[in-house]
2 protein chains.
Amino acid sequence: MKTQEAVKLFEALSSDIRLDLFRLLVKNAPQGLVAGDIAKELGIPPTNLSFHLRALTSAGLAHVEKEGRFLRYRADIPLMLEVIAYLTSECCHNSPEQCANYRQASGIAPEFLPERK
Amino acid sequence: MKTQEAVKLFEALSSDIRLDLFRLLVKNAPQGLVAGDIAKELGIPPTNLSFHLRALTSAGLAHVEKEGRFLRYRADIPLMLEVIAYLTSECCHNSPEQCANYRQASGIAPEFLPERK
DNA sequence: ACAATACTTCAATACTAGTTGAAGTATAAA
DNA sequence: TTTATACTTCAACTAGTATTGAAGTATTGT
């Protein structure tokens, strides 16, 4: 992943609305949610929701699919994992002693953490 | 972690300079780097570097310590791991089948991934 | 004491993002 | 085919963010 792409992704997550939104989609992966259900869940006006949904999708963190007159949104979980890998890469110069302690104390499930290469 | 704190952290990472900066500090954890070394490494003017260092530290992602006339900056790795845990929490409703596949394919080291509770 | 170094804060400017109401498009229901 | 539903785009305003040069503070070397 390039820096500019990662920046785009973090920008997309830099809003309370979008962060709630994305986490809701993560929670409801992989089936996703239609815009109306999201609006009900988060309680924000449709105009504003559209704005933030667009921000998420154009960053690539969510994808849309049409279902009749509904639009279904899904989180891109692999991309989320890529940006985590980018953020944490070469942590502590991959020193097993230094970094592994942090990692093990983190309360993060093993499957979400980047391999040390 | 509360939403607003996580937003603050993602905002802090929403700049190419600060993202490079933070990743440099992650790579050089836990000993950290002094501002001058960072400036050399990233090649940005001191005024601007100060601005971005302040943004990172006031978000809590980095901490400063005085060393004579130098200032040493260190990444807060546990906080980084907390925000990862926040982002990925309840992924796929913690369904082992759905989510574990994503996680295992992610190339992220086990120690960086949140526990499913 | 004086000058150099290391880094920061200040002030001014330019730009980018967030929110809202009104209007638009597309699908479905009556 | 008229009406309602689902969601988006447009336009306007507001407010926050990034960058830079100049000036400031603190520490070290001579």
Side-chain angles (χ1 to χ4, degrees), chain A residues 2-25 28 31-75, chain B residues 2-25 28 31-75:
Chain A
K2 303 263 175 68
T3 300
Q4 283 309 326
E5 185 183 359
V7 167
K8 215 175 57 181
L9 300 181
F10 287 126
E11 273 173 358
L13 297 171
S14 301
S15 140
D16 49 351
I17 290 179
R18 284 197 301 274
L19 186 52
D20 285 347
L21 190 42
F22 182 69
R23 295 209 320 140
L24 186 64
L25 293 177
N28 288 279
Q31 79 273 14
L33 292 172
V34 298
D37 290 344
I38 298 171
K40 272 178 215 153
E41 182 74 29
L42 300 183
I44 52 176
T47 305
N48 205 12
L49 180 59
S50 259
F51 175 82
H52 289 294
L53 280 170
R54 185 181 176 78
L56 271 185
T57 52
S58 64
L61 280 171
H63 303 283
V64 209
E65 193 182 350
K66 217 172 179 181
E67 282 185 5
R69 61 180 147 175
F70 299 88
L71 287 173
R72 178 168 296 270
Y73 288 86
R74 283 178 239 265
Chain B
K2 304 264 175 70
T3 300
Q4 283 309 327
E5 184 182 0
V7 167
K8 215 175 55 181
L9 300 180
F10 287 127
E11 273 173 358
L13 297 171
S14 301
S15 140
D16 50 350
I17 290 179
R18 284 197 300 274
L19 187 51
D20 286 346
L21 189 42
F22 182 69
R23 295 208 320 138
L24 186 64
L25 292 178
N28 288 278
Q31 79 276 13
L33 291 173
V34 299
D37 290 344
I38 298 170
K40 271 178 217 152
E41 183 73 27
L42 300 182
I44 53 177
T47 305
N48 205 11
L49 179 59
S50 259
F51 175 82
H52 289 294
L53 280 170
R54 185 181 176 79
L56 272 185
T57 52
S58 64
L61 280 171
H63 303 282
V64 208
E65 194 183 349
K66 216 172 179 183
E67 281 184 6
R69 61 180 148 175
F70 300 88
L71 288 173
R72 178 168 296 270
Y73 287 86
R74 282 178 239 265

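Letters go in sequence order (proteins before strands), and every chain restarts at 1. Since we're looking at a predicted model, the values are computed, not measured.
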- Specify the residue among A/H52 and B/F51 whose closest nucleotide of DNA chain C lies further upstream toward the 5′ end. B/F51
What integer distance in Å separates [X]:[atom1] from [N]:[atom2]?
X     : N      : atom1 : atom2 : value
A/I17 : C/dA17 : CD1   : C1'   : 12 Å
B/L56 : D/dT17 : CG    : C1'   : 14 Å
B/L33 : C/dC7  : CG    : P     : 11 Å
A/E11 : C/dC15 : CD    : P     : 17 Å

Rounded distance (nearest 0.5 Å) linking atom [atom1] of [X] with atom [atom2] of [Y]:
X     : Y     : atom1 : atom2 : result
A/E11 : A/Q4  : CD    : CD    : 8.5 Å
B/D37 : B/N28 : CG    : CG    : 9.0 Å
A/L49 : A/I38 : CG    : CD1   : 6.0 Å

- Message: Among B/L33, B/L56, B/L25, which residue satisfies the side chain to side chain contact (heavy atoms under 4.5 Å, CB included) criterion with B/Y73?
- Response: B/L25
- Message: Quick check on contacts: within residues 61-73 of chain A, what sits under 4.0 Å from DNA chain C by heavy-atom distance?
- Response: A/K66, A/G68, A/R69
- Item | Least distance between heavy atoms, B/S15 atom then A/V7 atom | C-CG2, 3.7 Å
- Note on the structure: All heavy atoms of B/H63 vs all of B/T57, minimum pair found to be N-CG2, 4.3 Å
- Verdict with reasoning, A/H52 to A/R18, per side chain to side chain donor-acceptor pair (under 3.5 Å): CA-CA 6 Å; A/H52 289 294; A/R18 284 197 301 274; 2.9 Å; yes
- Message: Tell me if a side-chain donor or acceptor on A/R74 pairs with a main-chain N or O of A/A62 at a distance below 3.5 Å.
- Response: no
- Item | Of residues 37-50 of chain B, the positions that come close to DNA chain D - non-hydrogen atoms, cut-off under 4.0 Å | B/P45, B/T47, B/N48
- Message: Taking only side-chain N and O atoms of B/R54, does any of them lie within less than 4.0 angstrom of OP1 or OP2 on C/dT8?
- Response: no
